[in-house]
Number of protein chains: 2
Amino acid sequence: MSRMPTVKDVAEHAGVSVGTVSRVLSGEAAVKTMLREKVNDAISALGYRPNVTARALRTSRTDVIGLIVPDITNPFFAQLAASVERAALERGHSLMLASSHDDRGAEQSHVLAFLDRSVRGIIVVASSDGPGLHLETAVPVISLDRRFGAFPLVSTNHAQAAALMADHLYELGHRHIAYIAGPPDTEAGRMRKEGFVGRIDRCGKKGEPVELELAYGKFDYESGERIARDLLSRPPQDRPTAIAAASDQQAIGALRAARDLKIDVPRKLSVTGFDDISLANLVVPRLTTIRQPADTLARRAVALLLEEPPGKADEMIDGSLIVRGSSGPRAQPKAVAGHKN
Amino acid sequence: MSRMPTVKDVAEHAGVSVGTVSRVLSGEAAVKTMLREKVNDAISALGYRPNVTARALRTSRTDVIGLIVPDITNPFFAQLAASVERAALERGHSLMLASSHDDRGAEQSHVLAFLDRSVRGIIVVASSDGPGLHLETAVPVISLDRRFGAFPLVSTNHAQAAALMADHLYELGHRHIAYIAGPPDTEAGRMRKEGFVGRIDRCGKKGEPVELELAYGKFDYESGERIARDLLSRPPQDRPTAIAAASDQQAIGALRAARDLKIDVPRKLSVTGFDDISLANLVVPRLTTIRQPADTLARRAVALLLEEPPGKADEMIDGSLIVRGSSGPRAQPKAVAGHKN
DNA sequence: CTGAAAGCGCTTACAG
DNA sequence: CTGAAAGCGCTTACAG
């Protein structure tokens, strides 16, 4: 026959009812060995593949996981998407991808579109936080990396990870540090900043005082470059000796600004990032950063989604410090102007 | 009611039959204005959204486009994926994404999985070419960027674009050039190489002779870095004065090798890429490269897929030369050893 | 343990 | 132009 074989064809070929075929397919219900074998033989003889659409209509459930990211061309989100796809595949699910372009409206309409398709669950890396839609839905939703609405969040422990970097810089002797923060309307931006600032404050109180400057930008290259350029355009004695950025992209932008201004990294200036995108290991000098465990994050997000009932509690996963060439000891001691926050 | 409203609910609310509701929904068939309005009122009153799964089962057609890329963390593929998603969205379709990890088996099983889901069409950026499965399928398949099986290909005119770069380098006075090619088992790798080599040969015959060296690698950073390091480890007079790479990633790797070896780009060495990923404009120095028109490629691929009947002919779209800081005039004339291919 | 049958929510010939 | 009805390919109570 030229059309695709159906359960009915399999049933006829095996001499059983379609119900039995379905039960064999599901693997759940008990079917006598002999019938089971007949059915399996028929399945391979006919090259039968279940029609997932029919199954979905009947059960209102699919094996598709919807993923919404702000921008797939952002290397960290691309990595996250790759990890989510792998994690989904491992558990027999496929991935439907949508980009919100940092637009709340697009985000919401993608959620609705996924719901229309009876996806098994939705993972969203939110564009920015805020009221967040309070859709109560039969379909589980998990926030990944950046909180979406009120849904449970799987993320790196941004504060803990950022504190690691603060310690690193303090230990290297830096006492005038600039922190390039991410957008304050993102939880990740806020947590990283608080983790970093909090730890520097603590270091400053227990040890030598630290002058800390704060600037806010987006998570992108341009923000990092622009802010670093401002910071570094001052006379050398007024410049920070270290710039810690809230993302690798910002840090790479900062690296470029330093390069343009002929400021030697790491001898005159340390620059650090956050994420450990693959590029971090390829820029010159290689970037000291915080590694976000993308695979683990993705796997946990998928696991929470698929649990019965779906996970409800946030999960924080520790990040780790990766020391490379862009951070080093402060060149020479300088007078410290005092502690500013 | 708490369950989702169906056509039946809409029909009752509007006092018509479900067939009429369906006809209004499809917009195709002629329905008298009065009934149409009643139906539309009922739709908004109930907040009705069509069940796409039921529709798919009935018509064995969905509005999902399947996209398979070798690796979503490759910046060029990420850009392509973003463009495909946008193009799909513009035409009312969603995107299902899968990564093949450059594995033919995975690629094939993703195709099958998409087919199982009755996708509207499949776009594949092939892992590498070869026999290619000859599935005849009701579902249209289009190759994007790299040919998949025997399916129509939408791609940059790799040869034309690479020739642009050959001209650029020749005009800058380079007479000893190394070309880092992509994998010869990819059409893109071969076409770019042939376009470049062919044009250099032509320049060499019509003008001054050019010594051209060829090396093959993958399209990734590591290949570029490794090959460039080999090339540049020779005594200065034996080194090429320009390295043209088959991808931006390779070129960025080459940039790093040059930096490590303290070879000034572009004063002592020109380095060029291919793709114009966003990173190309952020490395130091900014990369001279070929821009692949990702948006246009994506839009054409989606258009071919959605045509009735689906497009059957390959489409080549011209790339363009983007001159930035990594290429410059050859520093000083040197003896030319002759022309080698 | 197995079969017969209902039904998921649509679309679309078929009549009228 | 509109309605009644069949049917897409499954799954799952319901009987037995």
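By convention in this document, chain letters (A, B, ...) are assigned in the order of the sequence lines, proteins followed by strands, and residues within each chain are numbered from 1.
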* Asked: Got a sec, which residues hit side chain to side chain donor-acceptor pair (under 3.5 Å) with B:Gln292, two or more places apart in sequence or on another chain?
  -> B:Thr156, B:Asp275
Exercise answer: donor-acceptor pairs, residues 52-59 of chain A side-chain atoms, under 3.5 Å, sequence neighbours excluded:
| residue | atom | partner | partner atom | Å |
| --- | --- | --- | --- | --- |
| A:Thr59 | OG1 | A:Arg55 | O | 2.8 |
| A:Thr59 | OG1 | A:Arg61 | N | 3.3 |
| A:Thr59 | OG1 | A:Arg61 | O | 3.3 |

* Structure fact -> Stems with DNA chain C, 3 or more Watson-Crick or G-U pairs in a row (under 3.5 Å), are C:1-3 with D:14-16, C:5-12 with D:5-12, C:14-16 with D:1-3
* With sequence neighbours left out, what residues match A:Ser83 under side chain to side chain donor-acceptor pair (under 3.5 Å)? -> A:Asp295
* A:His110: what forms a side chain to side chain donor-acceptor pair (under 3.5 Å) with it, not counting sequence neighbours? -> none
All N/O donor-acceptor pairs, side-chain side in residues 39-46 of chain B, below 3.5 Å, sequence neighbours left out:
| residue | atom | partner | partner atom | Å |
| --- | --- | --- | --- | --- |
| B:Asn40 | ND2 | B:Arg36 | O | 3.4 |
| B:Ser44 | OG | B:Asn40 | O | 3.0 |
| B:Ser44 | OG | B:Asp41 | O | 3.3 |

* **Partner residues of A:Glu12 under the side chain to side chain donor-acceptor pair (under 3.5 Å) criterion, sequence neighbours left out** => none
* Contact pattern, 5' to 3', of nucleotides 7-16 of chain D - B, S or - by protein heavy atom under 4.0 Å -> BBBBBBB---
* Structure fact -> Residue set satisfying side-chain contact (heavy atoms from CB on, under 4.5 Å) with B:Pro70, at least two apart, ordered chain then number -> B:Phe77, B:Ser100, B:Asp102, B:Val125, B:Arg146
